[in-house]
Amino acid sequence: LEEPLLFEIGRADVTGVDLPEVDASAPTRLGGLARSAAIGLVGLTEPETVRHYTRLSRQNYGIDLGFFPLGSCTMKHNPRLNEKMARLPGFADIHPLAPQSSVQGALEVVHQLGHWLCTLTGMPAVAMSPKAGAHGELCGILAIRAAHEARGDAREVVLVPESAHGTNPATAAFAGYRVEDIPATPEGRVDVAALKARLGPDVAGVMITNPNTCGLFEKDFREIADAVHAAGGYVYCDGANFNAIVGKVRPGDLGVDAMHINLHKTFSTPHGGGGPGSGPVVLSEALAPYAPLPFVRKDDAGAFYLVEEEHGDECGPTFGRMTAFHGQMGMFTRALTYILSHGADGLKQVAEDAVLNANYILRSMEDILHAPFGASGPCMHEALFGDKDFANGLSTLDVAKGLIDEGYHPMTVYFPLVVHGAMLVEPTETESKAAIDQFITAFRAVVERALGGDEALKQAPYYSPRRRLDETGAARKPKLAYEG
Amino acid sequence: LEEPLLFEIGRADVTGVDLPEVDASAPTRLGGLARSAAIGLVGLTEPETVRHYTRLSRQNYGIDLGFFPLGSCTMKHNPRLNEKMARLPGFADIHPLAPQSSVQGALEVVHQLGHWLCTLTGMPAVAMSPKAGAHGELCGILAIRAAHEARGDAREVVLVPESAHGTNPATAAFAGYRVEDIPATPEGRVDVAALKARLGPDVAGVMITNPNTCGLFEKDFREIADAVHAAGGYVYCDGANFNAIVGKVRPGDLGVDAMHINLHKTFSTPHGGGGPGSGPVVLSEALAPYAPLPFVRKDDAGAFYLVEEEHGDECGPTFGRMTAFHGQMGMFTRALTYILSHGADGLKQVAEDAVLNANYILRSMEDILHAPFGASGPCMHEALFGDKDFANGLSTLDVAKGLIDEGYHPMTVYFPLVVHGAMLVEPTETESKAAIDQFITAFRAVVERALGGDEALKQAPYYSPRRRLDETGAARKPKLAYEG
Amino acid sequence: MRYLPLTDTDRQAMLAKIGASAIDDLFVDVPEVARLDGPIQGLPMHASEMAVERHMKALAAKNLVAGDVPFFIGAGAYRHHVPASVDTIIQRGEFLTAYTPYQPEIAQGTLQMLFEFQTQVARLYGCAVANASLYDGSTACWEAVAMATRVTKRKRAVLSGALHPHYAQVVKTMAHFTGDEIADALPAITAEPDFDGLIARIDDQTACVVVQYPDILGRISDLTPLAEAAHAKGALLVVVNTEPVALGACRSPGEMGADIVVGEGQSLGVGLQFGGPYLGLFAVRDPKHVRQMPGRLCGETTDAEGKRGFVLTLSTREQHIRREKATSNICTNSGLCALAFSVHMTLLGETGLRQLAAENHRLACLAADRLARVPGVEVLNRAFFNEFTVMLGGKPARAIVRDLADRGVLGGVSLGRLYPGVEALEHGLLVAVTETTTEEDIERLAAELEAAIKETAQ
Amino acid sequence: MRYLPLTDTDRQAMLAKIGASAIDDLFVDVPEVARLDGPIQGLPMHASEMAVERHMKALAAKNLVAGDVPFFIGAGAYRHHVPASVDTIIQRGEFLTAYTPYQPEIAQGTLQMLFEFQTQVARLYGCAVANASLYDGSTACWEAVAMATRVTKRKRAVLSGALHPHYAQVVKTMAHFTGDEIADALPAITAEPDFDGLIARIDDQTACVVVQYPDILGRISDLTPLAEAAHAKGALLVVVNTEPVALGACRSPGEMGADIVVGEGQSLGVGLQFGGPYLGLFAVRDPKHVRQMPGRLCGETTDAEGKRGFVLTLSTREQHIRREKATSNICTNSGLCALAFSVHMTLLGETGLRQLAAENHRLACLAADRLARVPGVEVLNRAFFNEFTVMLGGKPARAIVRDLADRGVLGGVSLGRLYPGVEALEHGLLVAVTETTTEEDIERLAAELEAAIKETAQ
């Protein structure tokens, strides 16, 4: 059964809540702005609502259904204890502007999580308010700009490796910087020589992902950082791939000045079909003074308080405020629950198992699938492949869609851009060997069809709720709302 | 992807909980009974567990997925507020043997729900402890037997109409009675004359379902009850179909002595794939003294207390205890929530809409599908059809399986036994007209195939997780546990 | 009304199709005297979610939540930590809102789960076959007695004095009506159960002997001699277990010769719930007894394409086929509780269950040692798993328990509550300890118990 | 470790396949100085669910739960009753554990939901097109300003003084770096907003004028003159709404000429959550502006078999395609909150939303009338929806709010907290009332406020 659109089954006179009837004659104080025309909304009763969304949900693929090897997205298991804790009324039913004496436990959560994020990264400070990874990047870049501005040193350029996630250049540009690409070496890492050559008084900093989007650890990161610092710049590290090294390496030891942490990646908060995320940013001593408001401090009596605009000196030369309130509390409680669950020993094991699983896939596939950096050494938490030798015009996209028919969510495709027809496979640590072996079997089968030129693959998927969708048509004549 | 058996993917050395390691050398006081051999259990980590059961769940059909017209089972929507309330720690995390002063709210729930069940049925007393409908039947029958015994009047026979649910004769037999069938009239009701003719000093009572399993109201119920009472017997009413008349008719006004109420039918607690149910039994003045222990009373100071074995006189001549504790508290909280949600006006509307929906189906199908009692007047909350005129040996079973391919759970089939190839369709009040219209279209299409002798129907379903299963083989060589 | 999708327009259109002019035309068969005009009296009108929630929360707030205080109550229901993922799974609509799997093609989720559940229970109990659940431990206990009478064609059951008194009550209540004879007894306050006495009560008219393990006083003993004695007389041994976690540490009843093993499964996945819904477990050691078992059974088979699948089977034992000749009248049982149990057991696995049992036992030993140091308190048991009996040196345990509750400690179950009016038992207190008990809880109990004993008269 | 399925045996087998002898062989690229030996210092070791739960519950218990006390706090986040079914739906693994729907063939659930959500938001706002959500209202507000600068190619934004001060802060923070010019102001304590003054600030370099509706003081006024004035100067009108429920009672911004409407969606489905995650709503009245919108958009299309389906579209605006030329750097947004909002809105429907709005307004009117009778209290607003400002006759509102909290009443938000150091505002208190407020709550607030005012010095 196809599930109709809400607007095809809902009715304006139906509601799934029981509220008092509107007394049309009751006096109002709406200043003459009472709405007269219909809004155009429709309602369903509760049974219909539950069924509509339950049916819709079954058109989706999620981690709970199967292996989800989407590279750089870290689709690890979302523990249910996290969900339960986030729903405790003591966390879920408190207002961001409630008197601070009445929300000491909440402030402690923010403070404790921040402290442990600093511990795990070896950094002295953290900004908790960014709402997602890209927002965290923005936070880091703004701190860099504020730091330069504070010493009257206006710089214009941010260097970004060509393998970077699109948010990096977008963020730098949004913050008013000119973005310049740094090339990669043939082995898949930042070209240190090229980078050093470009450094100068106009370069505000670099944004480097480590482990990088080719799945490799940037071994020369410290050297790069030293060079950037020597040139008066700052080092932004994109922490999207922190899962590979959590508990094993502290970015602070590598010379990082700012790094965002995707709580919805490394710290297991759910992706939710596209958010909400959470992107706290750890900061070096150099950048810490510019951290955005608000932040949580503990006073001498052990009480927690928010530092906001009013705190004058205590704010430091903050670059301002990034969001109305204090950040993604719901994600903080989940991430804190996760950190407590895993502990120091568990988080180290997380990184090790994530890297082990990825290397296992890399080495189980490279005999039939081009692994451009397979010879560069072990990969970190994800394995990168290219589409070399596919026959009959078959592409990475076809392999991805073929995997859907095998019951899998595809890997990340066509990213990073430095590899032709890139396929980025990230198993995460929460997959069993059995699940990975089963995936490898299916992946090999599909790849062999691509190598063999199986035309049928061009029409895949066959067994999904929908066949390939016309994305071009959708963009040419956008239909973005129901009309009827 | 097929989901393997737990025992095929689980491992003895894997666990999804974090508990202290067993210190094998720690002293124990197990009296030499420490287990040495392996138990033979296997474990999964949490990610694997969530995935195993999520995948399994997707092989199931539930009310949340679609229309579920299973006659006499009342598959109505299960409100989510009920689930939320049952999970409040104040209800879910209290012990049945906790000091009664510490569980006054729980006792009040039992008392309040019991009181309202009495209100809705017009009966003076209720036994709350029966664990499901069949257990409630047993409670009612045991009360009848106890009442007869108390006056030294041993009787041996219970009369049961041939259309009755199988639990009726099974219950009476279990309680030590001989069961005799009462025939039905051609219009689908109890043959009053035959019943009256059979009454006598050996007849302990009758068990009659009203509305009956043919979906009809027993219009002569009061007359039957009076005759039974005159003959010294008691009237048990099977309340499985109470949903059709809740708020419209009080069984107490019809002369009932005992009636169980399936909270998982009329009062919307979930069926859960086969329970738990809950079967409180309302009792007449005549039977009330024999009610099982424990029950809840309110003292003069307004405190609630449990009447148990120790209360001597206050117990009355109880027939005993049916279960270790006080009944299905988790179901009581859900049912009470439901009654509060609907209220007196809502429950009446429930019955009306349930009956309206059923009659709408009856009248929308009877032109092509044999409705044996279609001429007997309106049906109540379910519509009964037979397999007359199906061609090529096609049967009710084939129609049921054909409906699966249309995306529906089939109706109840081959019950009641009084109709050949019976199909009992109960839409409940929580279906929309649109959903029912869509079902009627599908049902008509399948019935037309059966009338037209479409052989393909004999192999249906084609599109379900499994094709028809070999039930005969399963029973011949039962394999009831995993071996390996 | 938020659960009712029909609008008045719908209703009119449907009445027109039916050919009725008003809804009451559909209720013509109800005698006029019995028809109610307007909403039934004595109930409130419908209410919003918010209002209902307020009402229910106010009721819930009147109860003392076990998790909020030091808690030592057991006696047939135990408080264990249930992993959060259990509830997530049982709340999936596909499980929650499914019916009994009578249409196996679209119920393989429930069926495969039941097959796995049956396997888990059978292995835990040391048996060959388990059923798909019964209502609870006490009704399972009666079903075991009834099955034993069918198997042996004898009508007498001998109950151990240390069987949970409520279970014994249920058995006696039912037997009164079926005409079976039940020989029961009170528990003797001894460090070990009196099996010699129990064996002496078995004769050649005995269908079964019923013994609890661990027993109502928390004692555990080797059941092998009992099994041998019963079998020698042609009787079956029925073993009742109310704490499945115990079987992670102790030998299984099946190993020791039990013929039918039944129990309460509430400890895993289900929670306290003020007594219900709970989960009746039922298993037999010898597969030849399968056809005499009560309740539903799930079996493996194949579908028309040869794929493995599962169905409810041997339903010729059941009421909907056999009617008055059924092995039991049971119909709806405890499907969702079985799922919760099975998910919890899957999360535990062999390793986790053993660790859980070891942790329960460790803390119980700690508690027993600590309480033994309270003046006037004596620990009765020589052996126990996670529950034991303490004697309060002549002080009435019921009063002490109530006093402890007033002090904010739920300190256990008095034997006086379980055996009201039995003077010999009124000084006994059952104390249960699980992994949820902290060492601070134990200290608190010891301290409050000491104070309560001091202040309570003989 | 309960979330890690690999066993040591697995690890050994996998290392062998890889050709590594130890796990650290896979970390050879990490410079030795940076490699940590053993678990990181400063964190506890792993813990059981039970232990973690205890820890988190202890933290939660230190907060005063809004639902447990009379509660009147608003100022951009409102406490509404969220139906229980909303949470059931968002907890389904298929929604909760899905990724951004980049593979539309297996993400139609999320995509169709987003299409429905966009339609709901567009209609609520009186706009043509809404996007698939942003982080929250404040970041959406900045995105609107940024979009206005792209559309008009001007760099100056005029903010109403009655825009939420935190929203204004966010806009100013961002504009500082983009080089845009922000003209802001403080709110004037007047019964109606000063639109004449605002209009006077619009010039032909103005990209947009940003106004909140209802505004930070709870006032509502016809925006039409403002729209006309802005359009006359070639500027866009950006309307910010922080309480979507208000639009069930009041005319929509789109109707009144707003070009971009943004807001906070937290009121429906999401809850208070101490400020996040929340839900940024973003819509444009004129479809020609679609390609300048930030964030994800879901569009209808067909699949290879001609069936209707949905995809993320116009992604050439986005960072993963356009990189430094993207309309925004946004990536992950608030998908699950959008689902919660959409489910709640579906349950309400047109009828329910209007009833909900009417009930909010009714209770707010009651509260305003009652507080007006408290000596020393004056209600500022002439018109309002469910939040209004009261002046405390020269008493400092911050101190009064703290005092009320000590009395167990969360009485509102002081303007002093929102505008610290602004003397002109320090006597103002924002009071929000929703359907969750009872008449008893209002009485209690009035009584405690009266007491607090009496006891507080000027």
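First the proteins, then the strands, lettered A, B, ... as listed; each starts at 1.
Other residues, nucleotides and ligands contribute at most 12 non-hydrogen atoms within 6.0 Å of the CD atom of D:Gln41.
Between D:Leu356 and A:Pro20 the shortest side-chain heavy-atom distance does not fall below 4.5 Å. Residues D:Tyr3 and A:Ser341 have side chains in contact (heavy-atom distance under 4.5 Å, counting atoms from C-beta outward). Residues A:Thr337 and D:His55 have side chains not in contact (no heavy-atom distance under 4.5 Å, counting atoms from C-beta outward).
Looking at D:Thr173 and A:Arg321, their side chains never bring a donor and an acceptor atom within 3.5 Å of each other. With 3.5 Å as the limit, one finds no donor-acceptor pair spanning the side chains of D:Gln273 and A:His95.
Of the listed residues (D:Ala61, D:Ala405, D:Ala358, D:Cys298), the greatest number of heavy-atom pairs within a distance under 4.5 Å of chain A belongs to D:Cys298. Each of D:Ile89, D:Leu314, D:Leu4, D:Thr178 has some count of heavy-atom pairs under 4.5 Å with chain A, and the biggest count is that of D:Leu4. Ranking D:Gly179, D:Ser138, D:Gly349, D:Ala98 against chain A, the residue ahead of the rest is D:Ala98, based on heavy-atom pairs under 4.5 Å.
Contact of D:Arg79 with chain A is made through the side chain alone, with heavy-atom distances under 4.5 Å. In this structure, chain A has no heavy atom under 4.5 Å from any part of D:Val33. At a 4.5 Å heavy-atom cutoff, the contact between D:Val413 and chain A is made by side-chain atoms alone. Using a 4.5 Å cut-off between heavy atoms, D:Tyr167 touches chain A through its side chain atoms alone. For D:Arg11, the parts lying near chain A are the backbone and the side chain together; criterion is any non-hydrogen pair under 4.5 Å. Of the two parts of D:Ile106, the backbone and the side chain both hold a non-hydrogen atom closer than 4.5 Å to a non-hydrogen atom of chain A. If you measure heavy-atom distances from D:Ala20 to chain A, you find no contacts under 4.5 Å at all.
Between A:Arg466 and the choices D:Val311, D:Thr302, D:Asp303, the side chain to side chain contact (heavy atoms under 4.5 Å, CB included) rule is met once, by D:Asp303.
To the nearest 0.5 Å, atom CZ of residue A:Phe91 and atom CE of residue D:Met56 are 4.0 Å apart.
Annotation: cation-pi geometry not satisfied between A:Arg29 and D:Phe385 (NZ/CZ under 6.0 angstrom from ring centroid, within 45° of ring axis).
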Kindly determine whether D:Gln103 and A:Lys401 satisfy side-chain contact (heavy atoms from CB on, under 4.5 Å), including the steps that lead there.
CA-CA 9 Å; D:Gln103 295 288 344; A:Lys401 302 300 185 194; 2.8 Å; yes
